[in-house]
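Residues take their numbers from the sequence shown, with the count starting at 1.
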Amino acid sequence: MTTAIETPQESTSSVSDVLRDIRRALLPQGSLQSVRKSFHSELLKRLNNSSESMLPSSLNIIRLYKNNNDLLHPYNHNKILAIDFGGTTLKIAVIKTYPTLCIDYLHTIDIEERHVNSEFFEKIIQSMIDEMKDKFFDFFYDNDLIDNKILNIPVSITFSFPLNSKFEITSMGKGYVLSDEIKNINFLQFLQHTFDKVCARNTIHDSFAFTIKDNLIINDSIAVHLTNTYIKQFPTVTFFTDSHPSIPASSSSTLANSDGNSISFILGTGTNCSFELPFHRLPEFKRNEILATKSNAPFESDNTVVINSEIGFLGSESIKLTKFDYVPPAANKPMPLEYISSGRYIPSILVRVLQEYPIICPPLSNRSDLEEIIDGATFGLISNITDNFDLLEVTSQIKKKYGINETLDLRALSSVAKTIVQRGALYVVASLLEIDALVEGDKSGPSFRQIDIGYVGSTLAFSKYYQEQITKMSNGRINLVFLQDSSLFGAAISTLL
């Protein structure tokens with residue numbers, strides 16, 4: 001049994017006035033419908049004109065919609081080294097493709113450096129080799145041999161930043177700064193060269209060959225979408241193992257039985273979404289880009305193409321940024337939706353509000369390590385507080401972790417965190433509903449249609465309140481289905497297409 005959070009007795013009127021002012025500053029004045037209308041116009045404009053968002057993938061997704069037995073039982077049983085380059089971490093996984101897709105090994109490396117140059121990627125690959133150099137043969141001993149002596153290790157990479165059809169990085173958010181030497185280069189070829197360079201430095205190039213084939217570096221939202229679509233087509237496949245419990249059968253069943261449009265979503269360090277459109281609905285310049293890079297099958301008018309929306313760019317006209325919102329100094333291409341919804345930025349909004357209004361939680365407001373205290377995980381805990389039990393538990397965790405001895409009252413701070421989540425959820429819902437409408441096009445369907453959306457991202461996965469607000473603001477239309485490790489599985493699936 002839970003009890004409601006008690007109202008603070010001291011300075012009640014002052015705190016309530018401040019909370020009212022904060023809500024007035026952060027929450028949009030317009031309705032969800034007005035935001036949807038603005039997003040609808042912006043999505044169409046970006047689809048038809050933008051080279052940095054609404055990016056089509058040249059992956060042959062049509063193979064997932066045919067009864068391809070070789071996707072379930074590939075002709076070779078090579079294990080794949082899948083790498084997921086996310087916002088704050090690098091995940092490395094060894095994935096089996098036979099007799100079913102599953103993770104044999106998983107390791108996570110924290111990424112602290114934010115200046116992205118060639119040395120940045122060399123250090124990442126070196127860290128991976130340091131971690132796995134004694135394990136390569138154990139995992140890949142039965143893979144194909146090159147020249148009868150070198151073990152072939154196929155590498156598939158998910159990359160959480162936008163790449164155009166030439167595999168050039170178009171922009172980097174999430175606090176990263178892209179150096180000039182990485183701009184306007186074929187990122188796939190660059191990574192293959194970096195792998196070769198680091199392997200030669202470690203004298204393992206005569207034993208193992210890490211090969212990145214064409215199209216095997218994909219955006220993480222597209223990787224999640226591939227997993228989402230794979231589950232719908234092959235609902236009997238299980239990704240769940242005792243050693244690495246990933247996607248449970250209940251999630252697979254929900255997606256497999258869904259009649260709605262296939263939409264995939266990421267809300268972690270960044271905010272993004274992928275979906276599918278018929279080839280003929282792309283503007284001519286995007287169709288030509290795909291045809292110029294496509295090698296394994298021609299695209300026809302009715303073939304579906306996976307679109308990496310990069311929805312973080314949405315909101316230039318409808319999202320009002322405030323003095324509490326953090327905009328990176330080097331952000332020459334603003335990403336309003338990402339600034340107000342993603343785990344990279346919403347904790348900083350709470351920090352700035354607390355610094356502006358110390359009365360919300362005086363013991364925390366003047367601490368020099370405030371940004372360290374209110375990180376993404378702590379923000380989620382604070383926003384999830386619903387009763388006195390939660391309040392005592394979260395308060396105890398924060399005081400113990402950071403050695404805080406003063407009395408700590410998180411009730412007002414939790415109210416502000418909830419306001420920040422409500423704001424982000426409204427705009428996220430508007431974007432997802434409009435993407436569904438875009439996919440639906442001229443098709444007539446029921447006025448109320450549930451949308452089952454496969455998603456990943458720690459910010460959303462660990463914030464029950466965020467999930468509840470998305471469901472509430474969509475009037476129950478959006479049903480979120482968590483697809484753990486789907487960015488890694490999607491990387492493996494891309495090798496089968």
> Under 6.0 Å between the ring centres of Phe121 and Phe187?
Replying inline: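 Ring centroids of Phe121 and Phe187 are less than 6.0 Å from each other.
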
Mark yes or no for whether [X], through its side chain, and [Y], through its backbone, hold a donor-acceptor pair below 3.5 Å.
{"X": "Arg287", "Y": "Phe279", "answer": "no"}
{"X": "Ser309", "Y": "Cys273", "answer": "yes"}
{"X": "Glu310", "Y": "Met54", "answer": "no"}
{"X": "Gln469", "Y": "Ala425", "answer": "no"}
{"X": "Asp485", "Y": "Leu488", "answer": "no"}
{"X": "Asn384", "Y": "Gly380", "answer": "yes"}
{"X": "Ser342", "Y": "Thr269", "answer": "yes"}
{"X": "Thr229", "Y": "Leu226", "answer": "no"}

>> Test side chain to side chain contact (heavy atoms under 4.5 Å, CB included) on Ile111 and Phe120; report intermediate values, then the result.
In response: CA-CA 10 Å; Ile111 302 173; Phe120 174 88; 4.0 Å; yes

Give the minimum heavy-atom separation between [X] and [Y], together with the two atoms involved.
{"X": "Pro56", "Y": "Ile290", "value": "CB-CD1, 3.4 Å"}
{"X": "Ala430", "Y": "Val35", "value": "CB-CG1, 3.6 Å"}
{"X": "Asp84", "Y": "Thr158", "value": "OD1-OG1, 2.8 Å"}
{"X": "Arg281", "Y": "Val439", "value": "NH1-O, 3.5 Å"}
{"X": "Glu434", "Y": "Phe39", "value": "CG-CB, 4.3 Å"}
{"X": "Leu314", "Y": "Ile319", "value": "O-CD1, 3.9 Å"}

>> Can you confirm whether the side chains of Gln126 and Asn202 place a donor and an acceptor under 3.5 Å from each other?
In response: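 Note: Gln126 and Asn202 side chains meet the donor-acceptor criterion.
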
> Regarding Ser156 and Thr495, is there a side-chain donor-to-acceptor distance under 3.5 Å anywhere?
Replying inline: no

Are [X] and [Y] packed together at the side-chain level, in the sense that at least one heavy-atom pair is separated by less than 4.5 angstrom?
{"X": "Val456", "Y": "Thr227", "answer": "no"}
{"X": "Thr271", "Y": "Phe265", "answer": "yes"}
{"X": "Ser51", "Y": "Phe285", "answer": "yes"}
{"X": "Leu267", "Y": "Tyr455", "answer": "no"}
{"X": "Tyr326", "Y": "Ile349", "answer": "no"}
{"X": "Thr211", "Y": "Asn152", "answer": "yes"}
{"X": "Leu191", "Y": "Ile157", "answer": "yes"}
{"X": "Leu381", "Y": "Gln397", "answer": "yes"}

Using a cut-off of 6.0 Å, state whether more than 12 heavy atoms not belonging to [X] lie near its atom [atom1].
{"X": "Glu317", "atom1": "CD", "answer": "no"}
{"X": "Lys45", "atom1": "NZ", "answer": "no"}
{"X": "Glu181", "atom1": "CD", "answer": "yes"}
{"X": "Phe462", "atom1": "CZ", "answer": "no"}

>> As a test of understanding, state which of Val428, Val429, Asp436 forms a side chain to side chain contact (heavy atoms under 4.5 Å, CB included) with Leu432.
In response: Val428

>> Between Arg344 and Asp375, does the salt bridge (Lys or Arg N to Asp or Glu O under 4.0 Å) criterion hold? Intermediate values first, please.
In response: CA-CA 9 Å; Arg344 166 67 178 85; Asp375 58 8; over 6 Å; no

> Does the side chain to side chain contact (heavy atoms under 4.5 Å, CB included) test come out yes or no for Leu337 and Ser431, once each step is laid out?
Replying inline: CA-CA 9 Å; Leu337 180 58; Ser431 66; 4.1 Å; yes

Between [X] and [Y] (salt bridge meaning N to carboxylate O under 4.0 Å), is one present in this structure?
{"X": "Lys232", "Y": "Asp452", "result": "no"}
{"X": "Arg367", "Y": "Glu372", "result": "no"}
{"X": "Asp138", "Y": "Lys135", "result": "no"}
{"X": "Glu119", "Y": "Lys123", "result": "yes"}
{"X": "Lys197", "Y": "Glu122", "result": "yes"}

Which value, rounded to the nearest 0.5 Å, describes the distance between [X] atom [atom1] and [Y] atom [atom2]?
{"X": "Ile222", "Y": "Asn308", "atom1": "CD1", "atom2": "CG", "answer": "5.0 Å"}
{"X": "Ile374", "Y": "Leu350", "atom1": "CD1", "atom2": "CG", "answer": "4.5 Å"}
{"X": "Ile204", "Y": "Ile129", "atom1": "CD1", "atom2": "CD1", "answer": "4.0 Å"}
{"X": "Ser50", "Y": "Leu55", "atom1": "OG", "atom2": "CG", "answer": "6.5 Å"}
{"X": "His107", "Y": "Met132", "atom1": "NE2", "atom2": "CE", "answer": "9.5 Å"}
{"X": "Leu43", "Y": "Ser38", "atom1": "CG", "atom2": "OG", "answer": "9.5 Å"}

>> His225 and side chain to side chain donor-acceptor pair (under 3.5 Å): which single residue from Ser274, Ser264, Ser486 fits?
In response: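 Result for side chain to side chain donor-acceptor pair (under 3.5 Å) with His225: Ser264.
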
>> Exactly one of Lys79, Lys96, Glu131 should register a side chain to side chain donor-acceptor pair (under 3.5 Å) with Tyr105. Which one does?
In response: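 Going through Lys79, Lys96, Glu131 one by one, the side chain to side chain donor-acceptor pair (under 3.5 Å) with Tyr105 is satisfied by Glu131 alone.
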
> Can you list the steps and then say if Asp325 with Thr322 is a side chain to side chain donor-acceptor pair (under 3.5 Å)?
Replying inline: CA-CA 5 Å; Asp325 295 298; Thr322 71; 3.0 Å; yes

> Quick one: ring-ring contact (aromatic ring centres under 6.0 Å, His included) partners of Phe210, sequence neighbours excluded?
Replying inline: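 Residues passing ring-ring contact (aromatic ring centres under 6.0 Å, His included) with Phe210: Phe136, Phe195.
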
> Hey, mind stepping through Asp220 and Val224 against side chain to side chain contact (heavy atoms under 4.5 Å, CB included) and telling me if it holds?
Replying inline: CA-CA 6 Å; Asp220 57 349; Val224 175; 5.5 Å; no

> Hey, mind stepping through Thr304 and Leu277 against side chain to side chain contact (heavy atoms under 4.5 Å, CB included) and telling me if it holds?
Replying inline: CA-CA 5 Å; Thr304 56; Leu277 286 178; over 6 Å; no

